[in-house]
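Down below is the structure, laid out as structure tokens.
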Protein chains: 2
Amino acid sequence: MTTRETIIALGDQLIRDKGFNAFSFYDIARSLNIKNASIHYHFPSKTDLGIAVLKGQQDGLRSLIEAYSKKTPEEKLLAFLSIYTRIKAEGKVCIVGSLATDLNSVDEKIAVELKKLAQEILSWVTQILDEGKRKKVFYFRESSRTRALLIITNMLAALQVSRLTDENDFSSIKNAIIKDLRVKP
Amino acid sequence: MTTRETIIALGDQLIRDKGFNAFSFYDIARSLNIKNASIHYHFPSKTDLGIAVLKGQQDGLRSLIEAYSKKTPEEKLLAFLSIYTRIKAEGKVCIVGSLATDLNSVDEKIAVELKKLAQEILSWVTQILDEGKRKKVFYFRESSRTRALLIITNMLAALQVSRLTDENDFSSIKNAIIKDLRVKP
DNA sequence: GTCTATATTCCGATAGAC
DNA sequence: GTCTATCGGAATATAGAC
């Protein structure tokens, strides 16, 4: 992994651990045993790093979508849900939630990339549910888009709320989502 | 409203608008036409203000619970959901979500009060659902606690995600929650 | 309770040597 | 690409006058 990629990975983790406004270039420099100024060589501004992190997330999502394109709707949905399970294991939160709460304090360019990411997530989950409904493996009353929103908001906030209530609450929420989709009307 | 109360109200709004780490005492001082140092007279540290904001939220919640204690489960649930509708109208997010994403960058004392607030919200919604199930006005398969978590996470993240996707998504989510509870098995 | 003034620390960012 | 050195700005916080 190049230094640039390592910086992006560390920035990503820091945003999801402490929030965009709470981390500094020094946090990254210390981890990498380099100096503050060296980070600026790779990313002139903190906003530039934020954008790179979001573009990395977009690329990762597209790879996952591509890798699961021939799989069943159940497999796709489980792959989607396991994104959050991995984040939970790290004790962190989703980047969409983290940056959404700070939205009015970050550069507009970050907001633009964040919205793109959110749209792509919503679009994918909507398609998964749509396919599952057609193939009669998922059952739900709402539109696919609304149901996708319900599932995404459940998982996104499960990471946040389970930091405060009980760590097991994350699994309870995840399991309930899966079960509910399988209940025939 | 006393100056102290006004500062708390402004701090609350700023946390839910920009995040805890993005607002400064100067934001509040400017709004009140007083100086930075005057804020410190009322709240020695930013952490003190954060705690006061959270205690204010706890008090507000307890008042709401008390005011609705004799009402029906449906009325209680609608009262709970309308908390978020009001926040959405302001374009802000829920304080629980905002501070949960910044949890590892704030003072431990803030984390303690935030957890108390989250527990009280979860406890209330769980009781509302429990009562609704007993009285056969709400229908759901999960435990009351899990269903409460599902509903709370939906609303909390609906505020965050609808900043990014479509403002109308908030209403779609809210309406789906209400409808789903009324569906008989 | 609010003010002026100031101390202190931290952060983002740049210049220029190596 | 990384370093040293430094600038400029912002933010938290305190001292002491009014």
Side-chain angles (χ1 to χ4, degrees), chain A residues 1-54 56 98-99 101-111 113-114, chain B residues 1-54 56 98-99 101-111 113-114:
Chain A
M1 198 154 54
T2 64
T3 303
R4 185 192 152 87
E5 289 166 337
T6 310
I7 293 169
I8 293 175
L10 286 170
D12 185 285
Q13 284 175 27
L14 285 162
I15 293 171
R16 292 183 297 99
D17 185 50
K18 309 162 72 173
F20 186 81
N21 294 304
F23 90 91
S24 73
F25 274 27
Y26 179 67
D27 291 329
I28 294 172
R30 183 162 24 87
S31 280
L32 284 174
N33 267 315
I34 57 177
K35 299 295 166 183
N36 205 307
S38 304
I39 315 285
H40 280 282
Y41 166 80
H42 298 279
F43 301 97
S45 75
K46 196 178 179 185
T47 293
D48 292 323
L49 175 55
I51 290 169
V53 167
L54 285 167
S98 179
L99 287 173
T101 59
D102 295 341
L103 197 69
N104 295 333
S105 70
V106 298
D107 192 295
E108 181 63 27
K109 281 176 269 180
I110 289 183
E113 293 306 319
L114 180 61
Chain B
M1 202 154 53
T2 64
T3 303
R4 186 191 151 86
E5 290 168 336
T6 309
I7 293 169
I8 293 174
L10 285 169
D12 184 286
Q13 284 176 27
L14 285 162
I15 292 170
R16 294 183 295 99
D17 185 49
K18 308 163 75 174
F20 185 80
N21 293 303
F23 90 90
S24 72
F25 274 28
Y26 179 67
D27 290 329
I28 294 172
R30 184 162 23 86
S31 280
L32 284 174
N33 269 315
I34 59 178
K35 299 295 165 182
N36 206 307
S38 304
I39 315 285
H40 280 282
Y41 167 79
H42 297 279
F43 301 98
S45 76
K46 196 179 178 184
T47 293
D48 292 323
L49 174 56
I51 290 170
V53 168
L54 284 167
S98 179
L99 287 173
T101 60
D102 295 341
L103 197 68
N104 295 332
S105 70
V106 298
D107 192 296
E108 181 63 26
K109 282 176 271 181
I110 288 181
E113 293 306 319
L114 180 60

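Per chain, numbering begins at 1; letters A, B, ... match sequence-line order.
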Pairs under 3.5 angstrom only: tabulate donor-acceptor contacts from the side chains of residues 4-14 of chain A to other protein residues two or more places apart or in another chain.
unit_1 : atom_1 : unit_2 : atom_2 : d
A/E5   : OE1    : A/T2   : N      : 3.0
A/E5   : OE1    : A/T2   : OG1    : 3.4
A/T6   : OG1    : A/T2   : O      : 2.8
A/D12  : OD1    : A/R16  : NE     : 2.6
A/D12  : OD1    : A/R16  : NH2    : 2.8
A/D12  : OD2    : A/Q57  : NE2    : 2.6

Where protein sits on nucleotides 3-9 of chain D, one letter per nucleotide: B base, S sugar-phosphate only, - none, heavy atoms under 4.0 Å: BB-----
Specify the residues of residues 14-30 of chain A, ordered by number, for which at least one heavy atom lies under 4.0 angstrom from an atom of DNA chain C. A/F23, A/S24, A/F25
Are any of B/T3's side-chain N or O atoms less than 4.0 Å away from OP1 or OP2 of C/dT2? yes
Find the distance A/D48:CG to C/dC11:C1' and express it as a whole number of Å. 16 Å
Taking side-chain hydrogen bond (donor to acceptor under 3.5 Å, both in side chains) as the test, write out the residues that go with B/S105, two or more places apart. B/N21
Using the side-chain hydrogen bond (donor to acceptor under 3.5 Å, both in side chains) criterion, which residues pair with B/D107? Sequence neighbours excluded. none
Can you check the B/K46 NZ to C/dC10 C1' distance for me, whole Å? 13 Å
CD1 of A/I39 to OG of A/S24, rounded to nearest 0.5 Å, is 9.5 Å
Separation of atom CG in A/L49 from atom P in C/dC11, rounded to whole Å: 15 Å
Do A/D102 and B/D102 have side-chain heavy atoms sitting under 4.5 Å apart? yes
Kindly state each residue pair satisfying ring-ring contact (aromatic ring centres under 6.0 Å, His included) with at least one member in residues 3-29 of chain B, sequence neighbours excluded. B/F20-B/F23, B/F25-B/H40
Considering only heavy atoms from C-beta outward, does the side chain of A/T47 approach that of A/V106 to under 4.5 Å? no
B/Y41 side-chain N/O to C/dT2 phosphate OP1/OP2 under 4.0 Å: no
Quick one: A/F43 CZ to C/dG12 P, roughly how many Å, whole number? 14 Å
Between C/dG1 (P) and B/L32 (CG): distance, integer Å: 13 Å
Closest non-hydrogen atoms of A/A111 and A/L103, given as atom of the first, atom of the second and distance, are CB-CD1, 3.9 Å
Does A/H40 put a side-chain nitrogen or oxygen below 4.0 Å from OP1 or OP2 of D/dG1? no
Evaluate the side-chain proximity of A/I28 to A/L49: yes if any heavy-atom separation is below 4.5 Å, no if none is. yes
